[in-house]
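Letters A, B, ... mirror the listed sequences (proteins, then strands); counts begin at 1.
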Amino acid sequence: MGAGGLALNLRTFLARPALQVAPELLGATVRVDSAEGAVLIRLTEVEAYEGPADPASHAFRGPTRRTAVMFGPPGRLYVYFSYGMHWCVNVVCQPDGTAGAVLLRAADVVEGIELVRRRRPGVRAERDLARGPARLAASLGLTGHDDGTDLLDPSSRAQLVTGRRTAEICNGPRVGISAGAELPWRFWLSGAPSVSRFRPGKTRSGRLTT
DNA sequence: TCGCTGATCATCT
DNA sequence: GATGATCAGCGAA
């Protein structure tokens, strides 16, 4: 098959608002190669961050040195350092010149689980390996060094492969933000064991439509 | 299972 | 100088 054509379709797929792209990324896989081996994960939870219109987005106040990648072409990784100790990974959306990104919040490890366990010693449950944005980044071995990596360039060590969804999609409020927290822009696969347990709002009966 | 807290630093005001 | 798209560990219920 023509890898170039596939990449072109993916580019078009990603050059849309994050709100549209985010739910469709669920079930897709991300592969990251390294000297130690490859790790393959299947996305189970994501969050949409739009551009300047979204008060919770890093792009809210326009482009800065850190957020420059978000304003560039779609299909690249936006990796940022958070809370002084964690890395978080986004996939850039929207056409070149417009900001938007999808935060990768959780995933199931499909391949390379031995390597992931070496990277995350002390984690027992398999579902916890990549549950949460910082854990996901750690599992993949991604850091600020990978900021700007083009997921659609075959020579990149990180690759995005669209996949078939196998479960229903749920949505709800985003996690860990103050502004725009009421927007239901977090999406996850129903019943996926690796989905974050965080439920902001403290509503115990936070049952979302099936 | 839930809720609180400390750790720790790049980025921006 | 303040802030944060977080996590792990702890104690209480």
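For Phe81(A), the ring pair (Phe, Tyr, Trp, His ring centres under 6.0 Å) partners at least two apart in sequence or on another chain are Trp87(A). For Arg11(A), the side chain to side chain donor-acceptor pair (under 3.5 Å) partners are Asp150(A), not counting sequence neighbours.
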Steps toward salt bridge (charged side-chain N to carboxylate O under 4.0 Å, His left out) verdict (Arg127(A), Asp108(A)):
CA-CA 7 Å; Arg127(A) 75 180 67 170; Asp108(A) 296 327; over 6 Å; no

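For Arg186(A) and dA5(C), the CZ to C1' distance is 12 Å, given to the nearest whole Å. When rounded to the nearest whole Å, the span between CG of Asp128(A) and P of dT1(B) equals 12 Å. Between Glu45(A) atom CD and dA5(C) atom C1' the separation is 12 Å, expressed in whole Å. Rounded to whole Å, atom C1' of dT6(C) lies 16 Å from atom CZ of Arg174(A). What separates CH2 of Trp188(A) from P of dA5(C) is a distance of 19 Å, to the nearest Å. In this structure, Leu142(A) places its CG atom 20 Å from P of dA5(C), rounding to the nearest Å. Following rounding to the nearest Å, Leu136(A) (CG) and dA5(C) (P) show an atom-to-atom distance of 17 Å. For the pair Arg119(A) CZ and dC7(C) C1', the interatomic distance rounds to 19 Å; values are reported in whole Å.
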For nucleotides 6-11 of chain B, print each protein N/O atom paired with a nucleotide N/O atom at under 3.5 Å, atom names and distance only.
residue: dT8(B); atom: O2; partner: Tyr83(A); partner atom: O; Å: 2.7

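For Tyr78(A), the side-chain atoms get nearest to dA5(C) when compared with the rest of dA5(C), dC7(C), dA8(C).
Using a 4.0 Å heavy-atom criterion, one finds that Ala56(A) contacts the bases of the nucleic acid, with or without backbone contacts as well.
Comparing Tyr80(A) and Arg120(A) against DNA chain C, the residue whose closest nucleotide sits nearer the 5' end is Tyr80(A).
Heavy-atom minimum distance, Arg16(A) versus Phe13(A): NE-O, 2.8 Å.
With side-chain heavy atoms closer than 4.5 Å counting as contact, directly or through intermediates, Val161(A) stands alone and belongs to no larger hydrophobic cluster.
Taking a pair as Watson-Crick or G-U wobble with both distances under 3.5 Å, DNA chain B forms stems of 3 or more consecutive pairs at B:1-7 with C:6-12, B:9-12 with C:1-4.
The backbone N or O of Gly180(A) lies less than 3.5 Å from a partner atom in the side chain of Arg174(A), making a donor-acceptor pair. No side-chain donor-acceptor contact under 3.5 Å links Asp128(A) to the backbone of Val123(A). A donor-acceptor pair is defined here as one N or O able to donate and one able to accept, closer than 3.5 Å; such a pair exists between the side chain of Gln159(A) and the backbone of Asp153(A).
Listed by first and then second residue, the salt bridge (Lys or Arg N to Asp or Glu O under 4.0 Å) pairs that reach into residues 109-122 of chain A are Glu36(A)-Arg119(A), sequence neighbours excluded.
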